[in-house]
Amino acid sequence: MSGDLHISTAVIVVAAGSGTRLGASLPKAFVDLAGQTLLERSLRSIILLPYPVQVVVVAPADFVADAEVIAYKVAPGLEELVSVVTGGATRHDSVAAGLAAVQSSVHVVLVHDAARALTPTTLFADVDMAVQATGSGIVPALPVVDSLKQVDVTGGVLGIADRDQLRAAQTPQGFPRAELEAAYAAAGSSDYTDDAAVFAANGGAVTTIPGDEVAFKITTAWDLNRAHQVLGGIPDAHRVGTGIDVHAFGEAENLWLAGLHWPGEKELSGHSDGDAVAHAICDALLSAAGLGDIGSRFGTADPAYANASGEVFVHGTIELLAAAGFEPINVSVQLIGNKPRFSPSREEAQAVLTEWVGAPVSVSATTTDGLGFTGRGEGVAAIATALVRQR
Ligand code: CTP
Ligand code: MG
């Protein structure tokens, strides 16, 4: 691991447990949750931070290679920042193994359970910021809503505890790096159930910040099913985007539009082949995934794209989406212009575009009653709406 990247925060993702209570045939972090392993979901949340952090995944000895495949799928090309180490017999030992891999420039270490697979990116950012601001250990925690009873071994109630003074601790928990290392060195192997307890036992101050209900730990089959239900309801699992493109007619009779060649029709001018329908589709997809637009992603002045066909841009867009964990659900495009007469070729265009996108594309066409540049026959416009799903 290179030490000269000046990264100031590291996140240790502990994923080395066996998941006995879940009872799956794989270690818990490698169990599937709606198409992604718990580890992959945890990593995606971290990788969406708007600034770079070091990520150390701690995996069971037999699953280091699997963890690497997952990590580099989530963070392609980030081998300098993302690594996998072998865990220990207890969570405590696994965290210690992760700590040993933290690079020298790091000042803040966050420790996170891979089992809290739905933890939002904002919680990582909030914990990191709070550690930087206070220099304390930071624990995201939720108020306890149930009444609390102290009981004997038979379940007889001995007394009550004041729930107002209690919080349920989650992860990621964040700490100043040097103090956390000192605390782990002093603790040796221990029975502490979380990192804040190790840190506090060595004299470190720990403060809570508000946790998040969806950062719950997946422990049992019930929890895994609950995570499934929660996922279905997360609003940003589906995202919508809009794209508009306009091109003027040129002179040559070489029109490419909506993925089709139109013999005898005037071409659309532009740096590329001017396929406004294909370009609007790209912009809508990129916008839905929050990945910018066609101009910034493909460089309209880039000689690599001179005269490029719509297919080149659509395929490039789908690749960018896939790399960011998105897949198209459908796209709807409307072409605005007097020419070409679109409806006879609608089915053919839809079939071509659907194949390029890998999801249904519907195309409609309209005119503007003689008004504006489309009405005067100077060019065409296309407006696309795309729906994408976060995988
Ligand atoms: N963990 C770890 N190394 C261990 C034990 C646990 O890295 N030796 C990790 C788990 O992978 C999990 C987190 O610590 O992400 C919280 O532990 P827990 O939910 O108890 O997971 P498991 O120990 O895997 O589950 P169980 O206790 O049911 O076996
Ligand atoms: Mg455990």
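None of these values were measured; they are calculated from a predicted model. Read the numbers this way: they start at 1 and go in the same order the structure lists the ligands and their atoms.
Below 4.0 Å from some heavy atom of Ser94 lie the following atoms of ligand 1, by number and element: 2 (C), 3 (N), 4 (C), 7 (O), 8 (N). Listed by number with element, the atoms of ligand 1 under 4.0 angstrom from any heavy atom of Ala89 are 8 (N). Ligand 1 places these atoms under 4.0 Å from at least one heavy atom of Ala15: 7 (O), 11 (O). Those atoms of ligand 1 that come under 4.0 Å of a heavy atom in Ala115, given as number and element, are 15 (O).
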TODO: Begin with the C-alpha distance, continue with both residues' side-chain angles, and end with the deciding distance and a verdict on salt bridge (Lys or Arg N to Asp or Glu O under 4.0 Å) for Glu40 and Lys73.
DONE: CA-CA 9 Å; Glu40 183 174 345; Lys73 177 177 160 203; 3.2 Å; yes
Open item on the list: Assess the residue pair Asp195 and His92 against the criterion (side-chain hydrogen bond (donor to acceptor under 3.5 Å, both in side chains)); give the C-alpha distance rounded to whole Å, side-chain angles, the decisive distance to 0.1 Å, and a yes or no.
Closed with: CA-CA 8 Å; Asp195 311 291; His92 184 94; over 6 Å; no
Open item on the list: Please determine whether salt bridge (Lys or Arg N to Asp or Glu O under 4.0 Å) holds for the pair Asp223 and Arg226, giving the CA-CA distance in whole Å, both sets of side-chain angles, and the decisive distance to 0.1 Å.
Closed with: CA-CA 5 Å; Asp223 297 332; Arg226 181 174 166 225; 5.2 Å; no
Open item on the list: Apply side-chain hydrogen bond (donor to acceptor under 3.5 Å, both in side chains) to residues Ser105 and His6 and explain how you reach the verdict.
Closed with: CA-CA 5 Å; Ser105 65; His6 303 298; 5.3 Å; no
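In this structure a side-chain-to-backbone donor-acceptor pair under 3.5 Å is present from Asp275 to Ala258. No donor-acceptor pair under 3.5 Å is formed between the side chain of Trp256 and the backbone N or O of Glu267.
Shortest contact from atom 13 (C) of ligand 1 to any protein heavy atom: Asp113 OD1, 3.3 Å. Nearest protein heavy-atom neighbour of atom 9 (C) of ligand 1: Val14 O, 3.7 Å. Remark: minimum distance from atom 17 (O) of ligand 1 to any protein heavy atom is reached at Lys217 NZ, 4.3 Å. From the protein, the heavy atom lying nearest to atom 27 (O) of ligand 1 is Arg21 NH2, 2.8 Å. Here the protein heavy atom with the shortest distance to atom 11 (O) of ligand 1 is Gly17 N, 2.9 Å.
Evaluated by nearest non-hydrogen atom to atom 7 (O) of ligand 1, the leading choice among Gly87, Ala16, Ala59, Gly19 is Ala16. The option from His92, Lys28, Arg91 that lies nearest to atom 18 (P) of ligand 1, judged by heavy atoms, is Lys28. Remark: among candidates Thr20, Ile218, Val57, the nearest residue to atom 29 (O) of ligand 1 is Thr20, based on non-hydrogen atoms.
The closest approach between a heavy atom of Ala29 and any atom of ligand 1 is not below 4.0 Å. The closest approach between a heavy atom of Val58 and any atom of ligand 1 is not below 4.0 Å.
Between Asp194 and Arg91, none of the side-chain N atoms (NZ, or NE/NH1/NH2) sits under 4.0 Å from a carboxylate O, so this pair counts as no salt bridge. Note on Asp302 versus Arg297: no salt bridge recorded, every NZ/NE/NH1/NH2 to OD/OE distance being 4.0 Å or above.
Relative ring orientation between Phe313 and Tyr305 is described as tilted, the plane-to-plane angle lying within the 30° to 60° band.
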